[in-house]
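First up is the structure itself, then whatever we jot down about it.
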Amino acid sequence: MSPTDGLAVIDKETGWTSHDVVAKARGVFGTRKVGHAGTLDPGATGVLLLGVGRATRLLRFITPLPKQYVGELILGAETTTLDAEGEVTAVYDMSAVTPEQVSEAASGFLGDIMQVPPMVSAIKIGGRRLHELAREGVEVEREPRPVTVHKLAVAPIDPDAGVYRIEVTCSSGTYIRSLAADIGAALGGGAHLRALRRMAIGSFAIDEARPVSKPSLLSMAEALRDYPAVSVDESLGQRVSSGQVMATDELAAKGDGPWAVLGPQGQLLAVYKPHTSGMVKPEVVIPQ
């Protein structure tokens, strides 16, 4: 496959890091210019979005999109990684916990919450990634971060064994492992996460995902389909392509932006954002 530009919706396999997928995709697409939006843990599967070629410049707009996950909440055991990949650090008898109690505990984490990132994560503190410190046996203080949980549903799979299905729709930056551990703690015991699968990032859902060995590419305009689009004629398109600041009304931009600006053939020319009052400016200009 020759070097090209676009967004690939990948169904990541278990055991692969997000970087492994990027490395494989570089060979498949024949270019080193590949990046990903939204890291998935090696043990997790599901939707991973790859920007290829010039589309790597669009990943900053894709990463903040909301995420959807399904997985298994396992009551009764805490682990070092908050998921099934880690070593068990504590065991609790939670056999008396009912499905109703689990649902009630989970409901306490709906909406805007503060969440402490797990030690095994890619967040940097003092220039070091937390997972690097964790491998060295170092634990550092982590500041809680604001996240939003739009939907959180739990349903019993095997309640006698403490196994529940968990479905989450949340803001970018939310750790489902931490949610699982927090639900366990709220029930007076402990819990961890198993079999996490990301079902969607924004409108990019699992049903359009492909293996990294057989990817397909969406156009750069399609990559920004979750944002409002503005179409311009050739004359205005030339000004957009030169990165001009212009009046909001001149661009016919509605809402708060950012806006994908499309040329006469539907090609992505730029992404514009609000500037000063009544004005907009380009955040990214795509060379044509």
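Quick note: numbers below take in every heavy atom, side chains included, and nothing from hydrogens, waters or symmetry partners.
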Report yes or no: does Lys12 contribute a side-chain atom to a donor-acceptor pair with the main-chain N or O of Ala44 at less than 3.5 Å?
yes
Starting at CD of Gln244, measure out to CD of Gln238 and round the result to the nearest 0.5 Å.
10.0 Å
More than 12 non-hydrogen atoms from neighbouring residues, nucleotides or ligands closer than 6.0 Å to NE2 on His19, yes or no?
no
Keeping the roles fixed (side chain from Arg57, backbone from Val285), state whether a donor-acceptor pair exists under 3.5 Å.
yes
Output the distance between atom OH (Tyr69) and atom CZ (Arg177), rounded to the nearest 0.5 Å.
10.0 Å
Between Ser95 and Asp160, is there a side-chain heavy-atom distance shorter than 4.5 Å?
no
Tell me whether the count of non-hydrogen atoms from other residues, nucleotides or ligands lying under 6.0 Å of CD in Gln288 goes above 12.
yes
Do other residues, nucleotides or ligands put more than 12 heavy atoms under 6.0 Å from the CG atom of Asp158?
yes
List the atom of Gly243, the atom of Tyr272, and the distance in Å for their closest heavy-atom pair.
C-OH, 3.9 Å
Here the pair of heavy atoms bringing Leu268 nearest to Ala270 is CD1-O, 3.5 Å
Test item: Leu49 and Val9 side chains (from C-beta on) under 4.5 Å apart, heavy atoms
yes
Give the cluster check for Leu218 versus Ile206: same hydrophobic cluster or not, with ILVMFWY residues linked at side-chain heavy-atom distances below 4.5 Å.
yes
Joint cluster assignment, Leu236 & Val261, ILVMFWY side-chain distance < 4.5 Å
yes
Any carboxylate oxygen within less than 4.0 angstrom of a Lys/Arg side-chain nitrogen, looking at Glu167 and Arg198?
no
Does the side chain of Val149 come within less than 4.5 Å of Val168's, by heavy atoms?
yes
Ser103 side chain to Glu100 main-chain N or O, any donor-acceptor pair under 3.5 Å?
no
For the hydrophobic clusters of this structure (ILVMFWY residues joined by side-chain heavy atoms under 4.5 Å, transitively), does one cluster hold both Leu65 and Met199?
yes
Quick check against the 3.5 Å criterion: does Arg26 have a side-chain atom that pairs as donor or acceptor with the backbone of Arg32?
yes
Before giving the answer on side chain to side chain contact (heavy atoms under 4.5 Å, CB included), spell out for Ile286 and Leu58 the whole-Å C-alpha distance, their side-chain angles and the decisive distance to 0.1 Å.
CA-CA 10 Å; Ile286 305 299; Leu58 305 179; 4.3 Å; yes
Heavy-atom closest contact (Ala77 atom, Val88 atom, distance):
CB-CG1, 4.4 Å
Is there a side chain to side chain contact (heavy atoms under 4.5 Å, CB included) between Trp16 and Val212? Walk through the geometry before answering.
CA-CA 11 Å; Trp16 288 56; Val212 68; 4.1 Å; yes
Intermediate values then yes/no, side chain to side chain contact (heavy atoms under 4.5 Å, CB included), Leu187 and Val102
CA-CA 7 Å; Leu187 288 163; Val102 176; 4.0 Å; yes
Do the side chains of Asp11 and Arg197 get close enough for a salt bridge, i.e. N-O under 4.0 angstrom?
yes
For the OG atom of Ser216 and the CD atom of Glu208, what is their distance to the nearest 0.5 Å?
8.0 Å
Quick one: closest heavy-atom pair of Leu7 and Ala223, and the distance?
CB-CB, 3.7 Å
Donor-acceptor contact below 3.5 Å, side chain Asp20 vs main chain Thr17
yes
Look up atom OG1 in Thr148 and atom CG in Asp112, then write down how far apart they are to the nearest 0.5 Å.
4.0 Å
Kindly state each residue pair satisfying salt bridge (charged side-chain N to carboxylate O under 4.0 Å, His left out) with at least one member in residues 233-243, sequence neighbours excluded.
Arg239-Glu250
What distance do Asp83 atom CG and Leu196 atom CG have between them, rounded to the nearest 0.5 Å?
8.5 Å
Under a 4.5 Å cut-off applied to non-hydrogen side-chain atoms, are Tyr164 and Ile157 in contact?
no
With a 4.5 Å heavy-atom cut-off, do Leu59 and His36 have their side chains touching?
no
Side chain to side chain contact (heavy atoms under 4.5 Å, CB included), that's the test. Do Ser18 and Leu48 meet it? Break it down for me.
CA-CA 8 Å; Ser18 298; Leu48 183 69; 4.0 Å; yes
Could you tell me whether a side-chain N or O of His192 sits under 3.5 Å from a main-chain N or O of Leu82, the two making a donor and an acceptor?
no
If you measure only the distance, is there a donor-acceptor pair under 3.5 Å linking the side chains of Ser203 and Arg225?
yes
Asp41 side chain to Gly43 main-chain N or O, any donor-acceptor pair under 3.5 Å?
no
Which pair of non-hydrogen atoms, one from Ala200 and one from Ala205, has the smallest distance, and what is that distance?
CB-CA, 4.0 Å
For the pair Thr56 (side chain) and Gly51 (backbone), establish whether a donor and an acceptor sit closer than 3.5 Å, ignoring hydrogens and angles.
no
Tell me if a side-chain donor or acceptor on Lys67 pairs with a main-chain N or O of Gly173 at a distance below 3.5 Å.
no
Would you call Lys24 and Ile10 a side-chain contact if the rule is heavy atoms closer than 4.5 Å?
no
Is it the case that the side chain of Gln115 and the backbone of Tyr175 share a donor-acceptor pair, with hydrogens and angles ignored and the cut-off at 3.5 Å?
yes
Please examine the side chains of Pro258 and Phe61, heavy atoms only from C-beta on, and report whether any two atoms are closer than 4.5 Å.
yes
Please answer: with hydrophobic residues joined when any side-chain heavy atoms are less than 4.5 Å apart, are Ile62 and Val47 in the same cluster?
yes
On a heavy-atom basis, which atom in Gly190 and which in Tyr92 lie closest, and how many Å separate them?
N-CD1, 3.4 Å
Atom CG in Leu179, atom CZ in Phe109: separation rounded to 0.5 Å?
7.5 Å
Verify the cluster assignment for Phe204 and Met220: are they in a single hydrophobic cluster under the rule of side-chain heavy atoms below 4.5 Å apart?
yes
Would you say Val280 and Met246 make side-chain contact, with heavy atoms under 4.5 Å?
yes
